[in-house]
Undergrad: 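If you scroll down you'll find the structure; I have some questions about it.
Here is how names work: the chains are called A, B, and so on, in the same order as the sequence lines, proteins then strands, and each is numbered from 1.
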There are 2 protein chains.
Amino acid sequence: MKVLVHIMLKEGVLDPQGKAVEHALRGLGFAEASSVRLGRLVEMDVAGDTATARERVDSMCRQLLANPVIERYQIEVG
Amino acid sequence: MKVLVHIMLKEGVLDPQGKAVEHALRGLGFAEASSVRLGRLVEMDVAGDTATARERVDSMCRQLLANPVIERYQIEVG
């Protein structure tokens, strides 16, 4: 089944890349954008049932996909 | 209001980064993962009402955040 993982920096962790994008947006005239933060998206097919898939993907996040020290992640199955 | 933009490579566009992650997952014993594709996530606050915000963020995507030639994007407002 299709699994989508959202990975974002935790609140309080500085995001210079997001700041750079915000600055660029302002330069283009998009003054209404603020608190821009960037993250990663991982889409994959995972074999097995929903509960097992979620558990396995959580394991993948902890071991490879995310850095749990500074990032939070959210898993969407199905 | 909070706006979330999902940016992914279009179907058919090769994703070597996704392939590398898939290979690494297999190396860690996660053989059930396949068709891994990576994307970007942009989170921001946008001033104004829902319809205007969506339109403005669409404009930001076309001008800066995404490459519409090879990427598709999806905007979630609120």
Side-chain angles (χ1 to χ4, degrees), chain A residues 1-11 13 15 17-66 71-77, chain B residues 1-11 13 15 17-66 71-77:
Chain A
M1 66 197 54
K2 209 78 171 169
V3 179
L4 204 64
V5 186
H6 293 69
I7 304 166
M8 293 294 294
L9 284 170
K10 285 181 182 172
E11 307 298 318
V13 178
D15 182 358
Q17 214 187 344
K19 277 275 165 256
V21 169
E22 188 172 326
H23 188 78
L25 285 172
R26 275 172 206 280
L28 288 169
F30 296 107
E32 66 267 62
S34 61
S35 308
V36 180
R37 290 177 79 80
L38 299 190
R40 295 194 306 286
L41 208 52
V42 185
E43 195 185 85
M44 63 175 93
D45 285 324
V46 180
D49 64 282
T50 308
T52 314
R54 183 177 291 275
E55 201 179 291
R56 292 290 282 173
V57 173
D58 189 80
S59 200
M60 292 176 203
C61 286
R62 276 180 285 111
Q63 285 185 55
L64 182 81
L65 303 178
E71 291 171 329
R72 62 186 158 86
Y73 56 87
Q74 192 187 328
I75 300 166
E76 271 174 46
V77 180
Chain B
M1 66 196 55
K2 209 78 172 167
V3 178
L4 204 63
V5 185
H6 293 71
I7 304 166
M8 293 294 295
L9 284 170
K10 284 181 181 171
E11 306 299 318
V13 177
D15 183 359
Q17 214 187 343
K19 278 275 165 254
V21 169
E22 188 173 325
H23 188 78
L25 285 173
R26 276 172 206 280
L28 288 170
F30 297 107
E32 66 266 63
S34 61
S35 308
V36 179
R37 290 177 79 79
L38 298 191
R40 296 194 304 287
L41 208 54
V42 186
E43 194 185 86
M44 63 175 93
D45 286 324
V46 181
D49 64 284
T50 308
T52 314
R54 182 179 292 276
E55 202 179 289
R56 291 290 281 171
V57 173
D58 189 79
S59 199
M60 291 176 203
C61 286
R62 277 181 284 111
Q63 287 185 56
L64 182 80
L65 304 177
E71 292 171 329
R72 61 186 160 84
Y73 56 86
Q74 194 188 326
I75 300 166
E76 270 174 45
V77 180

Undergrad: Between A:Ser34, A:Ser59, A:Ser35, which has the largest tally of heavy atom pairs under 4.5 Å with chain B?
TA: A:Ser34
Undergrad: Decide if atom CD of B:Gln17 counts as having more than 12 heavy atoms of other residues, nucleotides or ligands within a radius under 6.0 Å.
TA: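 Check fails, neighbour count at 12 or below.
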Undergrad: The test is salt bridge (charged side-chain N to carboxylate O under 4.0 Å, His left out); show your working for B:Arg40 and A:Glu43 and say whether it passes.
TA: CA-CA 11 Å; B:Arg40 296 194 304 287; A:Glu43 195 185 85; over 6 Å; no
Undergrad: Does any heavy atom of chain B fall under 4.5 Å from the side chain of A:Leu65, the backbone, both, or neither of them?
TA: side chain
Undergrad: Report yes if the side chains of B:Val42 and A:Val36 come closer than 4.5 Å at any heavy-atom pair, otherwise no.
TA: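 Contact flag for B:Val42/A:Val36 side chains = yes.
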Undergrad: I need the contact set between residues 45-55 of chain A and chain B: heavy-atom distance under 4.5 Å, sorted by residue number.
TA: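 The stretch touches chain B at A:Asp45, A:Val46, A:Ala47.
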Undergrad: So which of A:Val5, A:Leu4, A:Leu64, A:Asp15 has the biggest tally of heavy-atom pairs under 4.5 Å with chain B?
TA: A:Leu64
Undergrad: Specify the closest pair of heavy atoms between A:Ala33 and B:Met60, including all atoms of both residues, with the distance to one decimal.
TA: CB-CE, 4.0 Å
Undergrad: Quick one: which of B:Glu32, B:Arg37, B:Met8, B:Met44 has the most heavy-atom pairs under 4.5 Å with chain A, could you say?
TA: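 Most heavy-atom pairs under 4.5 Å with chain A: B:Glu32.
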